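These notes concern the structure reproduced below.
Here is how names work: the chains are called A, B, and so on, in the same order as the sequence lines, proteins then strands, and each is numbered from 1. These figures come from a predicted structure and were not determined experimentally.
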2 protein chains.
Amino acid sequence: METRRDIFQAIADPTRRAILVLIAMQAMTPNALAEHFHTSRQAVSKHLKVLAECELVKPELSGREIYYQLEIGKMKEIDTWLEPFRKIWADRFNQLDDVLATLKKQQNEK
Amino acid sequence: METRRDIFQAIADPTRRAILVLIAMQAMTPNALAEHFHTSRQAVSKHLKVLAECELVKPELSGREIYYQLEIGKMKEIDTWLEPFRKIWADRFNQLDDVLATLKKQQNEK
DNA sequence: TAGTTGCGCAACCAGATAATTGCGCTTATA
DNA sequence: TATAAGCGCAATTATCTGGTTGCGCAACTA
């Protein structure tokens, strides 16, 4: 219960990832979201709670309904963590580029 | 036990993320990795097994030692999932850009 | 006002996780 | 050859997780 919430742990669950995708299009209520999955509204509510705790989602009250909307900013944290790795695969790609360039040069010199 | 391995679930664990970062720099053995954490070699081995199962890491045998190296390619799956969201925050940034441009224009027209 | 709808919260449960401990196997070293 | 080092695997355990059910409360509606 008093588990520290972590954004990576939040997106580990497939249902929560799907919720984020749906909400990205348009803010939705728990009931509306639940219709997209094979689970109860309460289960969706729990997922929303987790997402809200790590600020990936924000509730917006409207009468007795609650529209949850995406907080895109927090998603950047994942992107930030990924950054150094992205750098690595970009470098590898450049290395491959060099190899190809060398091969081409050799062929031209034939 | 025969749980389907998922890359998002794999990076949900902080220790596993740390392992990926360490290995990104240089291939390492389970023992060497364990020294960086407050856990046993066996625990690290289990994490490596999870990472290997979703092809984030690849074992390379060398005598009685096993060097685990990063398989950078799989990391792209995370990047791919993130792509549409990145698009969203880029759009918001552009919208902000538009707002700033409009404000500037209005100021110039004064 | 009475009944319905949309929610969140608490209790409970089965299955998954991470970590420890104890092996046994293989490879290096004295 | 005997001993030590590096591993992976299996069994065990405490904890976490996702799901369901049953409330109770606030807000619409007939």
Check for a donor-acceptor pair, side chain of Arg41(A) on one end and backbone N or O of Asn31(A) on the other, with a separation under 3.5 Å. no

Would a 4.5 Å heavy-atom cut-off, applied to side chains only, mark Ile23(A) and Leu33(A) as touching? yes

Does dC7(C) have OP1 or OP2 sitting under 4.0 Å from an N or O in the side chain of Ser45(A)? no

How many whole angstroms separate atom CD of Glu65(B) from atom C1' of dT26(C)? 13 Å

For Cys54(B), is there any backbone N or O sitting under 3.5 Å from a side-chain donor or acceptor partner on Arg5(B)? no

Arg86(B)/Asp91(B) salt bridge by N-O under 4.0 Å criterion: no

Do Ile7(B) and Trp81(B) touch side chain to side chain, with heavy atoms closer than 4.5 Å? no

How about Ile66(A) and Leu48(A): do any of their side-chain heavy atoms sit closer than 4.5 Å? no

For a quick test of reading the model: is some side-chain N or O of Tyr68(A) closer than 4.0 Å to OP1 or OP2 of dG8(C)? yes

Write down the distance between CG (Leu61(A)) and P (dG8(C)), rounded to a whole number of angstrom. 9 Å

Rounded to the nearest Å, what distance is computed from the NZ atom of residue Lys49(A) to the C1' atom of nucleotide dG6(C)? 18 Å

For DNA chain D, find the residues of residues 17-31 of chain B with a heavy-atom distance under 4.0 Å and give them by number; none if there aren't any. Thr29(B), Pro30(B), Asn31(B)

Of Arg41(A) and Leu48(B), the one whose nearest nucleotide on DNA chain D sits closer to the 5' end is Leu48(B)

dT5(C) base / Arg64(A) side chain donor-acceptor hit below 3.5 Å: yes

Non-neighbouring partners of Arg16(B) that pass side chain to side chain donor-acceptor pair (under 3.5 Å), sequence neighbours left out: His47(B)

Salt-bridge present (Lys74(B), Glu71(B); N to O < 4.0 Å): no

Could you write out each protein N or O paired with an N or O of nucleotides 18-21 of chain C at a distance under 3.5 Å?
residue	atom	partner	partner atom	Å
dA18(C)	OP1	Arg16(B)	NH2	3.3
dA18(C)	OP2	Arg16(B)	NH1	3.4
dA19(C)	OP2	His47(B)	NE2	2.6
dA19(C)	N7	Lys46(B)	NZ	3.0
dA19(C)	N6	Lys46(B)	NZ	2.5
dT20(C)	OP2	Ser40(B)	N	3.4
dT20(C)	OP2	Ser40(B)	OG	3.0

